[in-house]
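Within every chain, numbering begins at 1; the chains are lettered A, B, ... in the order of the sequence lines, protein sequences first and strands thereafter.
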Amino acid sequence: MTLPPVYGDLMPLVPLLVLLVAAAVTLLVGVFARGPVPLGGMAVLGVAVALGFAVAGFLAGVAGEPLPRTLGGAYLSDGLSGALSIVILLGSGLTMLGAGAHARRMRLDHPELFPLLLLATLGALVLVSAGDLIVLLLGLEIMSLAVYVLSAWREGSRTGEEAGLKYFLLGAFGSAVLVYGIALTYGATGRFDLVGIAAAGAAPGFASGGLLLLGAGFLLVGLAFKVGFVPFHQWLPDVYTGAPTPVTAFMSVVVKTAAFGALLRVASGLTGGLGAGAYGEAFTTLLAVVVGATLVVGNTGALLQSGLKRLLAYSSIAHAGYVGLAVLAGGADGARAAATYLLMYTVTNVLALGVLNAVMGDDDQGDRLERLAGLGRRQPWMAAGLTLALVSLAGFPPLAGFVGKLAVFQSAIASGYVVIAAIGIASAIVAVVYYGRVVVTLYLHDPDHGVVGVHRSAGSTFALVLAALGVVLLGLFPGWWLDLLARAPMVLGGA
Amino acid sequence: MIAAAIVLVPLAVAVALLLAPRRAVHLPLAVLGVVATLVLALFADGPAGRLDVPWIPTIGAWIALDATGAGGALLRVAALVMLPTVLWAALRVDRHAHRFLAALLATLAGVAGIFLARDLVLFYVFWDLTLLPGLALLGGWGLAHRRAALVKYLMYAVAGSFVMLLALLALRPLSGAAGYRFEELLAATPQLDPLTQAWLFGAFMFAFAVKLPIFPLHAWLVDVNEQNHPSGAADVAGTLYKLGGFGLFAWALPLLPDGATLLAPLGLALGAFTAVYAMAIATRHTHLKRVLAYFSISHMGIVAVGLFSLHLAGQSGAMALLAAQMVTTSGLFLVAGMLHARRGSFELDAFGGLAKAAPAFAAVSLLVLFGGIGVPGLANFPGEFLAVLGAFAASPLAATLAVMAAIGAGAFGVNLFQRLFQGEAKGAPTRDLSPLEVAVLVPIVAATLWLGIAPAANLTAFEAEAAAGLAAAPPPVVLELAEGGAR
């Protein structure tokens, strides 16, 4: 199919339009329809169509077709945005499959649920494709506004309301910091686009290195809020615990992937602009310290948790640290490693939180470890699924999580960050303790609570099976994905 | 293709065992799986014994297997030992026996992968994977305090393997090797500067020391053995998985020769100390399984001494000892299981005078025990002799300590036999070996004799690989003497 150039350049926006239409349709149908309507199915269909377009765009790039130049370069569609769009849509679709039944069971099935999830997904796609700080801010706000609402979805629940308020206040604060960073960066370079920032900083006679470094620091802090880097992670355990479980899954995979996409691009543009001198070194040192602290705090924090949801929240902080290793490594290799890790983390965490969602009580409570004791005997399939996910999160071969670790550690070591990688490995050993503790509880502790019921719908079962297959098959045969990434053009922000 | 089948057949049988509904098919299926693996391993010669296909090209990982070398020789011994173990487990394990058998088969598959892998990433995958059936055996069928033992085991194992993972991932970027296959690494890693090599070798050494095990990383083993199912079958699986010595031999020592040279004195010291220290502790314990655990740790000290001698005879001897102790230690654990079946206890005080009522049992146990303490003509002797011989070339002190440990083992072994089988008969008279127990012990006895009388075939395989690994350093002159002593 040959399109006039201007239409070809607009092709990358098609997934966004599909999601927007799906959001509008589900909203209108949800509000005006009488009787039950399969809103979840419609939303998943929209995500699937968007996924088809995203895959087509990604493969076109892999095949070597010239990259479309959308909106004058403000909306990029390189290998990174293609790969992360696929990861985002996959994570979004898988979480939506279980969300509808969950909301009905909790009596929280308001018509806004799926439109908001679709809009958040849309924002996430914009975020990973932003070649321009303004577009980046736009994507971040589209995504965040929807997720603020979703995190407070459990009306009447104190923890739910607290979660929503906390996420909103701290998220707004993070956005404000980010905007300030954008302003400072613009002040230093006169540019909003990442390529321009990198070029301006690298130009001879550039004298505003200090100002750019300050802007870079603010940008880093703003995005660190979203990905959950230490010390900007405090909101994360409370919000993950307070939000409905499907929303927690959504946040931990979609929002995280999107924020990392933005971080990878911004870091690439900024390191290009700051150069290899003292300013550039200061920025990478700052990033290295943040990543190292994230690894240690996330993993040790998870050790102390007695609730599985909170444990997975801390574990998600720790996993942000592992992706951080790839961000630190930088460049195309770092981006490939990060995209690989995020894919593996997405299928694994969807599985873990999907199982948790199925065994939660009717008030969306009951993730305490003691309550799950003996699940291995009572619900062998659920326990096996959760075990599979935890073993993968712990990084055991040959599951998905292992391949992710392989990729990020190799990229970090290849870029010379051996010490941070060693910290990562040491904290991964700690991680085995808390994942292992959960598995031991599932199988070796006697059930001393009542029978834990399992709530399943066709959609959630399908999502669980798909995620479990992904965890195993992506672990055994990751070659094709890595190969596609290796052939995909990586523009990032600086090149 | 045969190489792939060696790993896949036991794995497939393990899965089939989990799914097979009828009790009657469990044992035949498991035996068939082990026999098939053994036969495949015996006939894995020439190009059919090798496999080389890309796995994750961008990382440089290959599915590279080779059943024709030292790993193949060790695998044949391991598969032979697994055969009576499966029989015995089917007899002694009451609850979910098919799952127990599946875990044993999975262990065999994992061990086969460790032995045959010629790609370091693949090796690591099998190395970690084999931990899981071991944990399942301990968690699913262990005794009352298994949870603590399990957590301890998990911590030690994971600490070791993750440290290895870091070194493994650093190996290729630092050396610029084309991939993780052995030949590709060997072409690049020995050129690394000695200090980097020492760091990397140290990481590998840490991981493999946990799994040898040697002091100070041995503590997990004793608890695991004590808490495992009393049949002793799970301990056999654990014994076959104690492959730190093989990891050093096949990967760390040849790939990082300068690092090995720098850290060899530490390895020698730890190995020699372990040999003596574990033997001393073994004499102070009264729980049969703990005694056997320390007994085997002492042998592992000698394995380490042989490996870190960086000497052809020492290294091939260490591998021969590793193979031999798979047979003898496993045999002793099975004997312990048979003793427990008679007295319901592992306390040494519960036994005594069994030889009167069970003379055949006593005779077979004595043979296996003699094999274990290194009596000439039986399994452990050739390996122990060569390992110590190599050690003399490197450090007479370490070798002397190893010899002392071997002598101590001899005295202690005889003493153990006396306490179990001779003296005043305690309790009710016991029955002698049942036909099934005979069937269990026949392969063990055969292997004990085979490895003692005809060690040459295996030693040739070990020597060829050790020589290739030591090519960086000039081969020592004691070589001929060593070969003379072995045959």
So which atom in [X] and which in [Y] form the shortest heavy-atom distance, rounded to 0.1 Å?
X      : Y      : result
A/L444 : B/R147 : O-NH2, 3.4 Å
B/P173 : A/A414 : CB-CA, 3.8 Å
B/V125 : A/P398 : CG1-CB, 4.0 Å

Tell me which of these, B/P57, B/A159, B/P54, B/A203, has more heavy-atom pairs under 4.5 Å with chain A than the rest.
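Of B/P57, B/A159, B/P54, B/A203, B/A159 has the most heavy-atom pairs under 4.5 Å with chain A.
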Reported [atom1]-to-[atom2] distance for the pair [X] and [Y], which is rounded to 0.5 angstrom:
X      : Y      : atom1 : atom2 : value
A/L485 : B/T58  : CG    : OG1   : 8.5 Å
A/L399 : B/L129 : CG    : CG    : 8.0 Å
B/L166 : A/K405 : CG    : NZ    : 12.5 Å
A/T340 : B/I59  : OG1   : CD1   : 7.5 Å
B/M164 : A/I425 : CE    : CD1   : 11.0 Å

May I ask you to test the B/V151-A/V433 pair for a side-chain heavy-atom distance under 4.5 Å?
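B/V151 does not reach A/V433 side chain to side chain.
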Is any side-chain heavy atom of A/P478 closer than 4.5 Å to a side-chain heavy atom of B/W55?
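They are in side-chain contact.
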Given the options A/A421, A/A428, A/S415, which has more heavy-atom pairs under 4.5 Å with chain B than any of the others?
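When all of A/A421, A/A428, A/S415 are compared, A/A428 has the most.
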Would you call the rings of B/Y124 and A/F402 parallel, tilted or perpendicular, where under 30° means parallel and over 60° means perpendicular?
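Ring orientation, 0 to 90° scale: parallel.
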Which atoms of A/A394 approach chain B - backbone, side chain, both or neither, heavy atom under 4.5 Å:
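For A/A394, the contact with chain B is made by the backbone alone.
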Taking side chain as everything from C-beta outward and backbone as N, CA, C, O, which of these in A/L476 sits under 4.5 Å from a heavy atom of chain B? Side chain, backbone, both or neither.
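For A/L476, the backbone is the part near chain B, not the side chain.
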Counting only heavy atoms closer than 4.5 Å, note whether B/L135 contacts chain A via side chain, backbone, both or neither.
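Nothing of B/L135, per the 4.5 Å heavy-atom cut-off to chain A.
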